[in-house]
Structures are given as structure tokens and as C-alpha cells.
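Notes for the one structure printed next.
This one's a predicted model, so the numbers in the text were calculated from it and none came from an experiment.
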Amino acid sequence: MESPAAFILVGIPGLQSSYLWLAIFLSAMYTIALLGNSLIMTVICMDSTLQEPMYCFLCVLAAVDIVMASSVVPKMVSIFCSGDNSISFNGCFTQMYFVHAATAVETGLLLAMAFDRYVAICKPLHYSRILTPKMMLRMCVAIIIRAGMFMTPLSWMLTHLPFCGSNVVPHSYCEHMAVAKLACADPMPSSLYSLICSSIIVGSDVAFITTSYVLILRAVFGLSSKNAQQKALSTCGSHVGVMALYYLPGMVSIYVAWLEQGIVPLHTQVLLADLYLIIPPTLNPIIYGIRTKQIRERIWSLLTHCFLPFQSGFMNIRLFRS
């Protein structure tokens, strides 16, 4: 059967009267996400003292956050502001691929960062020997390959479904479940595959992350120095906060999509899925920028270096005029 030339994204059903405020809210969060993550990437890449594994993983995480937010937010804002809710057939599945692949990469990076903290705190003498540049590269490649192995079969199953009926997607982006339900064939195989793989990936990552932090906490509370305890807990606290922001709304969004619409209203499902993709990229750089002393100092130094010449020039002009 011939596939539709385009899909129509509804946006958030039932909240059409709030589209302008939603567009302003999403635009503000997207701007913060772009500036914050770009600033973190710039600082880490420019400063040779921030080339440790933790900061390299954080740099990759910032890049993934930009990809994830950029895959959906510009189209959402376009829908809410101008009503441009059409997306091509190939564009829809491309967006879906990048969104879900980015989420799979992000959970892998959170696991890698937890492993980094475990080695740094529990095995500090072997840190440089275990987390070598080659080892970090292998971990990043493995994370990307795992995401590709998850998304490629799912994309193949979805693109080969017959879409002969409605092309109206009751969502603000091409979310897998919302698009699969439009198929004229049974979407259960692809939906079940997505649920099982997501549960396996997230479940195994959360299990390893939890184990890492249990061992970390046991080692931290065994330290005799209070300053060392506070430093270790402060570093790990930012990681735990980021993980909570990522996993809690993500898992709620996945399993809510499987419930009947009568139990969870459709606009609540769509809002959960939207916030799941924009809140972590927005708050990640704020959390790491505030709680990580080295990054906070480098960002302040960079901003001072950039804006101080303009301030000095402005002061010189005022003095000259006076």
C-alpha cells in the first residue's frame, strides 16, 4: 500500500488555548539547553585541565542533549506558534530515530559516568590505568552501537507497516506508540519490541548504576576525613540528581503510553513525553555548572574574559565623554 506523503502532528490535544504560553515556555527552555550545553562543551574542550574521563563523558552528554532537544523542540514551537503541523513521512521516522536513539545513548552515558565515579572513589590508585583514553573510546562506541542495534530493527518494523488510514498523529512529535497506532496492520510486534528493549536497557543500566552508588556510599562513609566525604558526596549528588531527572519521567512516560486513555488523559501523556525530552537537556548544564566546582570556575572565567573587554570599553567611553 502507498504510504502517506506526510503526517499531521496535532500538538497537545485539548490544550490548544495554551499554545502561545507553551511555545514561550519551550523556547525559553530550549534556549537555556542550547546555551548551557554549548558552554559546557566549549569550556571542557578549551581547558586542558578538564580532560579527565568524567568531563569527557559530560561533554558527550551535552552534545547528546543538544541533539535530543533539537530533534523535537523547533517543530513543537512551529506547531504551537504558526500551526505548521505537517511533517513528511521520511522526516517523521528520521525524527523518531534520533529521539529514541539519543535517549538510549544518554542512559548509557549515565551508566559510564557512574562507573567513572566508582573507579575514582573506590579504586583511586588504579583510576588512570582503568579509564584510559582507549577504554573511554570503546565505552562511547559501545553505547552508540547499542542504541543503533535497538533503533534500527524498530525503525524497519515501523516503516514497513501499511499506513492506509488516518495520517493524524495525536502527539506533538513522532512518538513511536502514537505513530504505530495509525497503521492498518497490528502494531503490537513493534510496540512490544520497543517496550521490552527499553525495559531491558533502562533496567540493566539502573541496576548497575544503583550497585555502583551503593559501593560508592559504602566507601565514602568509610573515609576518615569529613572534607573528603563532603567532596565525594557533592560530586555524586549532581550525578544522582541528573539521573533522577532522566529516569523518573522517562519510565513514567513509557508505561503511561501503554495504559488506556480513560485512565490517563491524552494531554497528560503527551505533556509527559514532551517534558521528558526537554527537562533533562535544560537542567543538566545547570546542575553540573552549579555543583561541579571546576566547571563553575572555568565558566565564570570564560564569561569574564568574553564580557570584560566590552565593559572596559564602555567605561573608557564614559570617562572620555565626561
Practice item. Decide whether Tyr30 and Ser70 meet the rule of one side-chain donor and one side-chain acceptor closer than 3.5 Å. Key: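 Side chains of Tyr30 and Ser70: pair found under 3.5 Å.
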Is there a donor in the side chain of Tyr127 and an acceptor in the side chain of Asp116, or the other way round, less than 3.5 Å apart?
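Per modelled atom types, Tyr127 and Asp116 side chains form a pair under 3.5 Å.
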Hydrophobic clustering (ILVMFWY, side-chain heavy atoms < 4.5 Å, transitive) - are [Y] and [X] grouped together?
X      : Y      : answer
Leu58  : Leu35  : no
Phe80  : Leu275 : yes
Val119 : Leu215 : yes
Leu158 : Phe98  : no
Ile32  : Leu283 : yes

Heavy-atom pair with the smallest gap, counting every atom of [X] and [Y]:
X      : Y      : value
Met151 : Ala101 : CG-N, 3.7 Å
Ser190 : Leu161 : OG-CD1, 4.4 Å
Gln95  : Val72  : NE2-CA, 4.0 Å
Met177 : Glu175 : N-OE1, 3.1 Å
Val99  : Ser71  : CG2-CB, 3.7 Å
Val270 : Ser172 : CG1-OG, 3.8 Å

Flag side-chain contact, heavy atom, 4.5 Å: [X] against [Y]:
X      : Y      : value
Val202 : Val206 : yes
Leu34  : Thr31  : no
Thr107 : Ile201 : yes
Tyr97  : Thr152 : yes
Val10  : Val169 : no
Tyr118 : Lys123 : yes
Leu277 : Thr103 : yes
Ile143 : Leu109 : yes

Checking side chain to side chain contact (heavy atoms under 4.5 Å, CB included) against Ser78, which of Ser82, Cys81, Pro74 comes through?
->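 The single option meeting the side chain to side chain contact (heavy atoms under 4.5 Å, CB included) with Ser78 is Ser82.
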Notebook entry, point to check: Among His126, Met139, Met54, which one satisfies side chain to side chain contact (heavy atoms under 4.5 Å, CB included) with Leu131?
Noted result: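 Only one of His126, Met139, Met54 forms a side chain to side chain contact (heavy atoms under 4.5 Å, CB included) with Leu131, namely Met139.
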**Request:** Applying side chain to side chain contact (heavy atoms under 4.5 Å, CB included), run through Asp274 and Leu26 and close with a yes or a no.
**Result:** CA-CA 10 Å; Asp274 292 349; Leu26 286 175; 5.7 Å; no
Quick one: pull up [atom1] in [X] and [atom2] in [Y] and give me the separation to the nearest 0.5 Å.
X      : Y      : atom1 : atom2 : result
Ile66  : Ser38  : CD1   : OG    : 4.0 Å
Phe93  : Cys174 : CZ    : SG    : 7.5 Å
Ile12  : Met76  : CD1   : CE    : 7.5 Å
Glu52  : Met136 : CD    : CE    : 10.0 Å
Ile40  : Asn284 : CD1   : CG    : 8.0 Å
Thr282 : Asp65  : OG1   : CG    : 8.5 Å

* Show your reasoning for whether side chain to side chain contact (heavy atoms under 4.5 Å, CB included) applies to Phe7 and Leu182. => CA-CA 10 Å; Phe7 288 104; Leu182 299 179; 4.1 Å; yes
Donor-acceptor pair, side chain of [X] and main chain of [Y], under 3.5 angstrom:
X      : Y      : value
Asn167 : Ala6   : yes
Asn37  : Pro281 : yes
Ser18  : Trp21  : no
Lys75  : Ser86  : yes
Ser198 : Ser194 : yes

Does Phe115 have its ring centroid less than 6.0 Å away from the ring centroid of Phe208?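 No, they do not, as the ring centres are separated by 6.0 Å or more.
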- prompt: Would you call the rings of Phe163 and Phe89 parallel, tilted or perpendicular if under 30° counts as parallel and over 60° as perpendicular?
  reply: perpendicular
Is it the case that over 12 heavy atoms from other parts of the model lie below 6.0 angstrom from the OH atom of Tyr193?
yes
Step by step, would you call Ile130 with Met135 a side chain to side chain contact (heavy atoms under 4.5 Å, CB included)?
CA-CA 7 Å; Ile130 295 175; Met135 181 63 177; 5.5 Å; no
- Would you indicate whether Cys59 and Cys45 have their SG atoms under 2.5 Å apart? no
